Amino acid sequence: VIYNVKLSEGEPYTMGKLVITNLSLEGEKRLRKNWLLRSGQTFDLEYFNIFLSEVVKEALAGTPVNYQHIGHFLQRDQKTHIVNVLLDFE
């Protein structure tokens, strides 16, 4: 038996906007400084997950922010292949 498999990933998604809500100006500034994906760069889901699990905690160390409960949403546009990242601090 011989199998021929052709895989096609399709067009990659790129980073759009980073939207942060319910955080102090200082906290938002810290997060934006540590967010490495710039608008137009290829979106990396693995980086996003690491950012949520590790980088947020480090960036907000010493602040009175409860970073255990971060609402997050990836807004994907299938036509433009742009992903907007929304982070909400409860």
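Since this is a predicted model, take the numbers as computed values, not measurements. What's counted below: heavy atoms across the whole structure, side chains too, no hydrogens, waters or symmetry copies.
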First locate atom OH of Tyr47, then atom CD of Gln41, and finally report the distance between them rounded to the nearest 0.5 Å.
9.5 Å
Might you point out which heavy atoms bring Leu31 and Ala59 nearest each other, and give the distance in Å?
CD2-CB, 4.0 Å
Find the distance between CD1 (Ile20) and CZ (Arg30) and round it off to the nearest 0.5 Å.
13.0 Å
Does Val85 form a side chain to side chain contact (heavy atoms under 4.5 Å, CB included) with Trp35? I'd like the steps, not just the answer.
CA-CA 11 Å; Val85 176; Trp35 180 258; 4.1 Å; yes
Any chance you could measure Leu74, atom CG, to Leu86, atom CG, to the nearest 0.5 Å?
8.0 Å
Roughly how far, to the nearest 0.5 Å, is the CZ atom of Arg76 from the NE2 atom of His81?
11.0 Å
Quick check against the 3.5 Å criterion: does Arg32 have a side-chain atom that pairs as donor or acceptor with the backbone of Leu18?
yes
Measure from the side-chain N and O atoms of Asp77 to the backbone N and O of Ile82, and report whether any donor-acceptor pair falls under 3.5 Å.
no
Sub-4.5 Å side-chain heavy-atom contact between Phe43 and Thr14:
no
Quick check on Leu45: does its CG atom have over 12 non-hydrogen neighbours (other residues, nucleotides or ligands) under 6.0 Å away?
yes
Looking only at heavy atoms, what is the nearest atom pair of Thr21 and Asp88, with distance?
OG1-OD1, 2.6 Å
Any donor-acceptor pair under 3.5 Å from Tyr13 side chain to Thr80 backbone:
no
For a 4.5 angstrom cut-off between non-hydrogen side-chain atoms, does Leu87 reach Phe73?
no
Looking at CD1 of Ile70 and CZ of Phe51, how far apart are the two atoms once the value is rounded to the nearest 0.5 Å?
8.0 Å
Please report the interatomic distance CE(Met15) to CG(Leu36), rounded to the nearest 0.5 Å.
11.0 Å
